[in-house]
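Side chains are part of it too, since the values below use all heavy atoms of this structure and drop only hydrogens, waters and symmetry mates.
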Amino acid sequence: PLIRILGDRFGPPVKSAILRALVVLLGAHAPVLRPFLPQLQTTFVRAVTDSGKAVRLHGLRAVTKLAELTGRVDPLVTELVNAMSKDSLDFAARLSA
């Protein structure tokens with residue numbers, strides 16, 4: 001439930017706080033959270049393409065932490081590329097904001 005709460009329901013401050021909390025949890029309890037890495041990956045990639053700058057920054061930190069913990073980064077990179085290329089003009093505009 002906490003992972004899915006990062007939808008469009010809440011604004012950037014709440015999303016950023018949740019992402020920070022998830023990164024702290026990953027750092028402290030990575031072995032226990034290993035079964036949730038696929039869900040977290042999708043959540044973090046979605047955060048990287050969010051419209052809020054703070055959410056994007058925390059999403060990038062989260063993706064970095066996830067890449068450190070996962071054995072295979074290929075699916076992560078593929079999902080990142082797909083998310084960014086899906087709407088590359090909109091993504092570029094958000095990055096410059």
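Under the 4.5 Å side-chain contact rule for hydrophobic residues, Val23 and Val55 do not share a cluster. In the hydrophobic cluster analysis, where Ile, Leu, Val, Met, Phe, Trp and Tyr join through side-chain heavy atoms closer than 4.5 angstrom, Leu22 is grouped together with Leu33. By the rule that hydrophobic residues join a cluster once side-chain heavy atoms approach within less than 4.5 Å of another member, Leu40 and Leu57 end up as members of separate clusters. Hydrophobic clustering, with ILVMFWY side chains joined whenever heavy atoms are under 4.5 angstrom apart, groups Leu60 together with Val14.
The side-chain contact (heavy atoms from CB on, under 4.5 Å) test applied to Thr42 returns Arg46, Glu79, not counting sequence neighbours. In this structure, the side-chain contact (heavy atoms from CB on, under 4.5 Å) partners of Arg20, at least two apart in sequence or on a different chain, are Ser16, Ala17, His58.
The side-chain heavy atoms of Phe10 and Ile18, taken from C-beta on, include no pair separated by under 4.5 Å.
Summarising the geometry of Gly52 relative to Pro12, their closest heavy-atom pair is CA-CG, 4.3 Å, with the distance given to 0.1 Å. Closest heavy-atom contact between Ala47 and Leu19: CB-CD1, 3.6 Å.
The CG atom of Leu26 sits 6.5 Å away from atom CG of Leu37, with the distance rounded to the nearest 0.5 Å. Here the CG-CD distance, from Leu80 to Gln41, works out to 7.5 Å after rounding to the nearest 0.5 Å.
Arg56 places a side-chain N or O within 3.5 Å of a backbone atom of Ser51 that can act as its donor or acceptor partner.
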If you look only at distance, which donor and acceptor atoms sit under 3.5 Å apart when one is on a side chain in residues 66-76 and the other is two or more places apart or in another chain?
residue: Thr70; atom: OG1; partner: Arg72; partner atom: O; Å: 3.3

